[in-house]
Amino acid sequence: MRSWIYASSLVLATVVQAITWTATPFNPASIPLAVRTPYLSAWLPQGTGAALNQAWPTFWTGSTLGWAGFVKVDGTNYAFLGIPAVSGTTFSQAVQRSSVFTSTQSIFVLSAGPVNITVTFLSPVEPTDLVKQSIPFSYLSVSAAATDGKSHTVQVYSDISAEWVSGDNSLTVNWNSTTSESVLTHQVQLSSPSVFTENSDHTQYGSAFYSTTNTVGATYQTGSDVSVRAQFLNNGKLANTLDTGFRAISNNWPVFGLAHDLGTITTATAPVVFSVGHIRDPAIQYIVAGGALQSRSLYFLSSFSTPAAVISSFLGDYSAALSRANTFDAKVQTDASKISADYASIVALSIRQAFSATELTISKTSTGAFNTTDVILFMKEISSDGNVNTVDVIFPAWPIFLYTNPALGKYLLEGLFRYQASGQYPNKWSVHDLGSSYPKALGHNDGLDEKMPVEESGNMIIMALSYAQKTGDLAHLQRYTALLDQWTQFLIEDSLLPGDQISTDDFAGSLANQTNLAIKGIVGIGAMAQIESLLGNTAKSTNYSSIATSYVTQWQKFATSTTGAHLTLSYGSAASWGLSYNLYADKLLKLNLFPAAVYSEQTAWYASHANAFGVPLDTRHTYTKSDWQVWTAAIVSTTAVRDLLIGGVKKFVSDGQTNVPFSDLYDTISGADVGFRARPVVGGHLALLAL
Ligand SMILES: *[C@@H]1O[C@H](CO)[C@@H](O)[C@H](O)[C@H]1NC(C)=O
Ligand SMILES: *[C@@H]1O[C@H](CO)[C@@H](O)[C@H](O)[C@H]1NC(C)=O
Ligand SMILES: *[C@@H]1O[C@H](CO)[C@@H](O)[C@H](O)[C@H]1NC(C)=O
Ligand SMILES: *[C@@H]1O[C@H](CO)[C@@H](O)[C@H](O)[C@H]1NC(C)=O
Ligand SMILES: *[C@@H]1O[C@H](CO)[C@@H](O)[C@H](O)[C@H]1NC(C)=O
């Protein structure tokens, strides 16, 4: 991650409404709507009480994504999504009755006169199906049910704006639609795209798609926001006309509308389903041997040759996708509820966010065919930086991959291993990331990447062993033994007395002799002992094992405070302390290098040093990290302290002081968000499920 944080975070200045609906499990700062990739990331900035029709959906950065919805019931109009203004028409606000989020869905019930409408946003999480996981689409479904037992006529409308294709609304877009097939699709893109480029974190090439099944009574229209929405509000259907006056995103705001006539309804209808997505190809530029740049494509393109084919399959799969999602949600809920209800709610809110930072890619063979045996998973370091596959961002997120499908972890590490094995990276420690700006994984052949030598070397060895332990697959340990051993030599030099350097918590500043960083390095050496053992290299294994053991003994003397029963933040600084979350790796890998007394002493210390929103990261600041608190919760010796740490995170993300996607950095005294948002490190909230 990078060494600065936002100067000030968004604090809601306006007076917020009291929540008048039932929120299950709670009202989070921001609710995921369509959250699947770094570029398909639409949220409801909920704060302390914005209903689905009291705010525009926003991109994770906070910029607006036009996404509107109306229903007409017995001729009366109600808005249910977004805050469109349409002069010359009348409509009321549907009244939100409930909101629910699960790991994959956000479900809202709103009453529109005598009808309840259920609006479901499903962002599939398909960890074991690489084709489905890589399809950059989400579902919006709407169903209606009378609340008075009588019959009512219902029409449903929704549109997106062109804000889904750029970070700059002054840019010109063009669009076209398919209207004669079994699926109605609108497609929109920049007129002058720029491959592998971003603008304000939005991608600047590829196309957005808004689609629905072309059933009887389905209508479509493109045109200015006011004209298309007014057409529906006045007529209950669209005009089936297409605007061809291509123009800037904000010039009479072109929108891409779709409508369905549900006819006369009483009991709950089958839902009408819309899909929203964004496809770009190639997706990633990746440095390979000799500095050549490889263009990589999203995995799903190996199964679908056109956008129309994938959209048709995606829409047709809705019922099955919903059923798989319900199964996945139920499993996560069951597993996480064994810890606590607070924990289950934090995990559910984290899953779409963590997966949406990642994209599964494949390369092509020399004949141009897709090579599905060459899989690399890319991750964007969202919000703190735009780096590609940052090792110390993959590391905190690691538990989500171990829990859902460890192979995804292998695919995340593969890009890093392969680049460093190509010999182009000059340093003896592990690289920090694969490239400064997503989606360009251009490496750091100058060796001038953000320097976190002990952090990243330890992380790589720990994650490599962890994957092998979970799966029994030793192929990458065999292929990359030389690199792993090179990093181990560095850890042997620099982890008992780590030189002045930053850790993953770079924003907190650099320090020599960091206690927690030393733990990382020592666990890394201990992990390499296990790797050598798995590879049959007994002598090396014994040697590294004894080095790790002897380091632990020496470390305990350096790292224990002389004035209190706790570990220090750095050696010799008796009053300092911090969250020693790197001990989690010792438990995860079952090395048990560090004595139980260290855990129980730290547990007691956290219990007596918690603020209202949890335990500070360390004595330099009052802020903390949600991921490291949950990692710590996974290894403390009492359930009381475990629940205290988890409770602090829950209290923060439900306190209504911010409206951004789950921030992992916040103040433990005030509960204010300190600046990060939407980062994949929330995958670390699954730490208790991965043990
Ligand atoms: C309408 O929605 C409310 C709130 O979710 C619910 O309590 C009620 O049972 C619903 N009515 C019908 C008929 O579905
Ligand atoms: C838009 O036009 C392009 C180029 O002709 C075509 O490939 C694409 O399928 C069209 N999109 C839709 C949604 O019809
Ligand atoms: C496909 O990728 C794998 C893994 O990188 C590689 O070993 C293999 O040679 C590739 N196949 C072709 C036909 O290029
Ligand atoms: C690190 O700790 C060791 C052992 O206490 C000490 O000798 C050394 O001076 C420290 N290094 C720095 C830079 O403070
Ligand atoms: C153990 O490993 C260290 C670091 O690689 C090396 O210097 C030392 O010679 C090794 N000892 C034995 C007995 O192999």
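FYI, the numbering just counts along the sequence from 1. Since we're looking at a predicted model, the values are computed, not measured. Counting starts at 1 for both ligands and their atoms, following the listed order.
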**Q** Sort and list the pairs that fulfil salt bridge (charged side-chain N to carboxylate O under 4.0 Å, His left out) and have at least one residue in residues 177-195, not counting sequence neighbours.
**A**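 As it turns out, there is no salt bridge (charged side-chain N to carboxylate O under 4.0 Å, His left out) pair with a partner in residues 177-195 once direct neighbours are skipped.
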**Q** With heavy atoms of T178 as the reference, note each atom of ligand 2 found under 4.0 Å away.
**A**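 Numbered from 1, ligand 2 contributes 12 (C), 13 (C), 14 (O).
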**Q** Under 4.0 Å from any heavy atom of I492, which atoms of ligand 5 are there?
**A**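 Per the distance check, 4 (C).
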**Q** Nearest 0.5 angstrom please: M463 CE to E456 CD, how far?
**A**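 M463 atom CE to E456 atom CD measures 8.0 Å (nearest 0.5 Å).
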**Q** State the atoms of ligand 2, each with its element, that fall below the 4.0 Å cut-off from a heavy-atom position in S177.
**A**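 Result: 14 (O).
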**Q** Residues around ligand 1, heavy atom under 4.0 Å from any ligand atom, sorted by chain and number. Can you pull those?
**A**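 Contacting ligand 1 under 4.0 Å are R97, S98, V109, N116, A146, T147.
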**Q** Which of the numbered atoms in ligand 2 are below 4.0 angstrom from a heavy atom of Q187?
**A**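 Here the atoms of ligand 2 in question are 1 (C), 8 (C), 10 (C), 11 (N), 12 (C), 13 (C).
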**Q** Measure the spacing between CG of N214 and OG1 of T178 and express it to the nearest 0.5 Å.
**A**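 That separation rounds to 10.5 Å.
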**Q** Taking 4.0 angstrom as the limit and counting only heavy atoms of T185, give me the atoms of ligand 2 inside it, by number and element.
**A**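 In order of numbering, the contacting atoms are 13 (C).
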**Q** So does D168 get a backbone contact from the side chain of H202, meaning a donor-acceptor N/O pair under 3.5 Å?
**A**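 Not a single qualifying donor-acceptor pair exists.
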**Q** Parallel, tilted or perpendicular, judged at 30° and 60°: which one describes the rings of W555 and F594?
**A**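 Perpendicular: the ring planes of W555 and F594 meet at over 60°.
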**Q** Looking at K237 and D261, does any basic side-chain N land under 4.0 Å from a carboxylate oxygen?
**A**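 A salt bridge is absent here (no side-chain N lies under 4.0 Å from a carboxylate O).
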**Q** Show which atoms of ligand 5 fall inside a sub-4.0 Å distance from at least one heavy-atom site of Q489.
**A**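 Reading through ligand 5 atom by atom, the close ones are 4 (C), 5 (O).
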**Q** Ligand 2 versus A308, non-hydrogen atoms closer than 4.0 Å: side chain, backbone, both, neither?
**A**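 Under 4.0 Å from ligand 2, A308 contributes no heavy atoms.
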**Q** Test your reading of the model: is there a side-chain donor-acceptor pair from S161 to the backbone of E163, 3.5 Å cut-off?
**A**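 Such a contact is found between S161 side chain and E163 backbone.
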**Q** Tell me if a side-chain donor or acceptor on S457 pairs with a main-chain N or O of V454 at a distance below 3.5 Å.
**A**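 Not a single qualifying donor-acceptor pair exists.
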**Q** Is Y544 close to ligand 5, meaning an N/O of one under 3.5 Å from an N/O of the other?
**A**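 Y544 vs ligand 5: no N/O contact under 3.5 Å.
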**Q** How about W67 and Y210: does a side-chain donor come under 3.5 Å of a side-chain acceptor?
**A**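 Checked: W67/Y210 side chains pair up, N/O donor to acceptor below 3.5 Å.
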**Q** Taking E359 for its side chain and T37 for its backbone only, find out whether a donor-acceptor pair lies under 3.5 Å.
**A**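 A pair under 3.5 Å: no.
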